[in-house]
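Below is one structure; the comments refer to it alone.
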There are 2 protein chains.
Amino acid sequence: MAYPQNCFAQTTIRDYSLLGRRRHAAASNTLRYQLDVLKKTGRYDAFKLHWHPSYNDPPTVWPIPNHLFWDSDIAKWIEGAAMFLKQQPDQEIEEAIVDLVDMIKSAQQPDGYINIHFTVVGPGRRFTNLRDFHELYNAGHLIEAALAHENTFHDRRLLDPMLKYVDLLCDTFGGGRNQIPGYPGHPEIELALLRLYDHTKNTKHLELANFFLIERGNAHGWFGRHYYDVEAERRGDDPNKRPAFYPERRCLWYHQAHEPIAEQQTVEGHAVRAMYLLTAATDLKRVMPDSVGQKFESAIYRLWDNMVSRKMYITGGIGAIKQWEGFGLDYFLPQGTDEGGCYSETCAAIGVMMFAERLLQIKLDGRFADTMELCLYNAVLTSMSDDGRRFTYVNQLASSDQDPSKREEWFTCACCPPNVLRLLAQIGGYLWTHKIDEAEASAEVAVHLYTSATLKFAVGDTEVQLEQQSNWPWNGDIKFNLKTTLSKLRLRLRIPGWAKSFQISDGCPDLDVNDGYVEIPTAWLASNKTFSLSIPLIPRLIAPHPFTNQHTLSLARGPIVYCVEDIDNPWVEDHFKSTQISQDCKIEERPMQEKTSGDSLVGLTITDGASIIGANSRNNSPSMSLGSCYKSEPIRELHFIPYYHRSNRGGSGQMRVGLRREAPPVGCQT
Amino acid sequence: MAYPQNCFAQTTIRDYSLLGRRRHAAASNTLRYQLDVLKKTGRYDAFKLHWHPSYNDPPTVWPIPNHLFWDSDIAKWIEGAAMFLKQQPDQEIEEAIVDLVDMIKSAQQPDGYINIHFTVVGPGRRFTNLRDFHELYNAGHLIEAALAHENTFHDRRLLDPMLKYVDLLCDTFGGGRNQIPGYPGHPEIELALLRLYDHTKNTKHLELANFFLIERGNAHGWFGRHYYDVEAERRGDDPNKRPAFYPERRCLWYHQAHEPIAEQQTVEGHAVRAMYLLTAATDLKRVMPDSVGQKFESAIYRLWDNMVSRKMYITGGIGAIKQWEGFGLDYFLPQGTDEGGCYSETCAAIGVMMFAERLLQIKLDGRFADTMELCLYNAVLTSMSDDGRRFTYVNQLASSDQDPSKREEWFTCACCPPNVLRLLAQIGGYLWTHKIDEAEASAEVAVHLYTSATLKFAVGDTEVQLEQQSNWPWNGDIKFNLKTTLSKLRLRLRIPGWAKSFQISDGCPDLDVNDGYVEIPTAWLASNKTFSLSIPLIPRLIAPHPFTNQHTLSLARGPIVYCVEDIDNPWVEDHFKSTQISQDCKIEERPMQEKTSGDSLVGLTITDGASIIGANSRNNSPSMSLGSCYKSEPIRELHFIPYYHRSNRGGSGQMRVGLRREAPPVGCQT
């Protein structure tokens, strides 16, 4: 069974598509830019295990040393770089990979252990704080890097050391006597081990992933108590000493360790951790559908539904709460810092895509792909500038004076930038899923995402080549061109949930949409290898669930969610807080050609139905009585751009996705 | 200048008025009920300074010992009891007061110190944690108790020991060498010292209050650093050990100590602390208008306006955040726990009344009295059951499964119940303000609140008696009857901000409303000593500020804010989350006669314009597109009761003040 991280290379994406242009920016700018930063910040040489002056810095987020994730920053860059190199060679980048791999190898301890912090800064404290110290998280990313490295270069210079490390982990962790019955506070290694098992077929690797997932949240896992309680006690932790990100003492839900995965009713805690964990749980369900998988099945769907319907922003972003970088209560989704919080971390949105992709492997359902596409084009793409040199970590839906909408060069905790890099490197693996049955000489292809790309694979000696050509997401017409002699090919195309209609080339029999996909009749396909799918992309108004108490309207077109920025609407002074739009507003499309990036895209403009309410003035009472009205001034033209495109063209960083919905007037401020 | 705590006894309130009935419940039930609880819980005997088993209990809210406020619980009960006894004798209560006063006296240390915790549990740690340990807060309440005791019994059995304690405090705290330049984390003693100074005229008392207020928030107060930083360092506090109520390390704004009072731009932190502090600051401005007062003047009005217009619930409650029992960001005012939080502590609302009352002394402005009355009839009265035996600490505007709307018998931290007791005891002092000029043989009376009551005072030998008779807040007709031979009497009556109109007995010349008050012309008054004021009480719809993103409507009538309860609307299942009302709804008045309490009051019923939206059903996307609609089922009759009356008649504890405002449909859940 294919992982996008393996099969991405079977897809070629055209450079002129939006995805192609972002991939191009990543390959030509981001790779080098991030390599430079890794060198400047000391990360690049860290596996030499010398002391770096910054190791003395007090933690920005107590008690986490600022360098604690350096292993994973390197690993994710190697992973992304290796994937890009598989698609186009790059001498300089390849040399850096060789260099880094040698350093990692040289950093391995005699017993196989590999970790910068616990070798240089905290020797002897190895595996004493699985809860907070990202040791196994780093190991997971190094495993993923090793798999990518092996996949590109077909050599085992990184994989072998990692296999030795994994042997140590398999000996160290588990239910056996003399083993530690623990699991990582930040999941990641679980999904890495499952991918490793897919490559090695070594059941040890499957069993360790299985143990980590099943044991998690066990209230009686160690000496009859919760593993994290005993671990903390052994460290001599004072229970009143709380990591900065704990809203309360013994905050087990922060790590999704408050109860076993199978029993969790709502998605809680740190959003990235939750997504990596559920990605692994879903993959385990696929690998072991009957035994362990069955335990997880209902939880996986239940937690997905809870997240998408009650804890997700309309951009696909997740996580309203800054303190624990994670989920708030159901329907608690304020748009910005000054409205109660909005976090929507980039890595969390990437995690949603990973979770959705694994779900599509066990159940082909368009609702998973709809959300995957929503995250990709909005919550994820918004995190990198057009030129691939600036990034966001947090992706709020509305700016404020404290938190203007802007991108940074880098972060102390730099998980997001290399995560976007590796996602773009492997994005080809997310476009479609193909399954091959050699015995039957048959194949299935399900197309999840539209762009301009070609998928190539073989069934036995028979080549299959499927091309899709479009200017998605700006234009909804997609040309398909199938080249193969294979007779038994099952082709399914996703019809997005937001599509009001769709059409397939003349002559194609009427098709029903099942779980968000239409199946092209094999017989018709045989004689119509070139055909088209048309999905009208019409600007539409969308709103969050009423229980979010947002009462806002936003503009969307196809998978793209729009926002307003001060650069297009320079009159704004209050981050569009008092800007309102009517549900009957008139929306015009506005083709845009970006000078700097050369991108062409579709902006939107409200030419009638936008106004400003005069609600800023002083009020001597906590309430206002109904009847009289606000001053309301019409806005001649309110210009919108795609949310992902924000903060690329200067301006003062005023931005908003959800605009107040105009309603009959309440209260008098005139 | 009069304090309500002194002049309340010049006012007699009729038993049949709403305020009279609540006072009656307090005098006949609450006094005894609370006395029993004080005995049962060990508080009553605590000043005997024996060890109580509960002193071993782990803190409910670390690091605060559960018994830390026992001194103040006793003190507030004594204060309230003494005030009630001044108005009607009660043998049993008086004996308890005598007994308690003897115990407090006997608990005084040779140097004058009085404190239960630091004498019995933490000897030697005296004055080492002003920030968190309520030592001076307890002292402040004991001072207030002593003043009430002296005022009622005209003996100094409690006042003398307290004066000795205050001498110790005056020696201990201040800017002099060998003095501690500290101030209490929980303000209270400042306002108590100002009242003490008004009684003793001993400038030492004024100077200590002055020091506490001016020094607060000084970044360089002790050895060039913030007092609380040095204090914490001397205790050997680990900065990563955070009290449960600190959202972050070094959380100075929690105590309003992040900057000097005069420089504070917004009202922040713990709501009760903020109100007690600003009450004292306002009173200092009155006592020393030119020197220190001037420093505070703009801050006092700025913080009041910020609070009332951006951080106050429509019930007058303040404090959205449970963790620090205080203020959130501007306009962050969710109605209930499951919508992001609502705290609205009873003591905080009482604090708003105290702050408003002091403001009225320096500036007669109806907006202060409007908010004072709003708090009294809604945020404060709601905290005690009709029979005076059940209480609330938190007063959220909407219930949830986790936090149903119900009252408790008592609390571990029991600040609120005795605070309501003493407020009701002295409420006569809030109805009106009178100023006397013996030299000019003239007087001024400003009537702030309407009920049925009589005010008696003398100018020289000339008696002045002003009676107001009404069934307020149910009926807006108030009869006034002035009995005096005094010719120079200036009488002003408040016209509430919500009043659409008002009328004074025929023949009275047309009057302008200035800052919320009309002045009855002295000449006309002389020949019309009996006259009436009529303020129509018409049910109205009110809404919070649009920036709160609540988009709700509530019913109000006069000063009363209404809510819906499941007992009157038994079909409810979701705490009225999906109940919506239209701005065009039809509202009928519904006279109610309560069997148990005998109260008669005015309920409201929406007979047309209430419905239920079907927004509970599952949704596979984080957004919904505009166009199609929710299922919406009309509600034949939606019954409302005054918010203060909630949770008196059984039911399942489902309650809501702000109901979703019906709007053109968004999204399809049918």
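Below, read A as the first sequence line, B as the second, and so on, with proteins coming before strands; counting in each chain starts at 1. Heavy-atom basis, side chains included; hydrogens, waters and symmetry copies ignored.
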- Under a 4.5 Å heavy-atom cut-off, does chain B meet the side chain of A/Q323, its backbone, both or neither? side chain
- Message: Distance check, rounded to the nearest 0.5 Å: B/L333 atom CG versus B/T552 atom OG1?
- Response: 10.5 Å
- Does any heavy atom of chain B fall under 4.5 Å from the side chain of A/P247, the backbone, both, or neither of them? backbone
- Charged N to carboxylate O below 4.0 Å: is that the case for A/R367 and A/D305? yes
- The interface call for A/S554 against chain B, heavy-atom contacts under 4.5 Å, is neither
- Query: At a heavy-atom separation under 4.5 Å, does A/D370 approach chain B through its side chain, its backbone, both, or neither?
  - Reply: neither
- Just give me the residue among A/N240, A/D330, A/T371 that pairs up with chain B most often, heavy atom to heavy atom, under 4.5 Å. A/N240
- Note on the structure: Turns out that what part of A/Y313 lies under 4.5 Å from chain B's heavy atoms comes down to backbone
- Which atoms of A/I314 approach chain B - backbone, side chain, both or neither, heavy atom under 4.5 Å: both
- Where does A/P334 contact chain B at under 4.5 Å (heavy atoms): side chain, backbone, both or neither? neither
- Task: Sort B/P243 into side chain, backbone, both or neither according to what part of it lies under 4.5 angstrom from a heavy atom of chain A.
- Result: backbone
- Relative to chain A, which segment of B/T337 carries a heavy atom at a distance below 4.5 Å: side chain, backbone, both, or neither? backbone
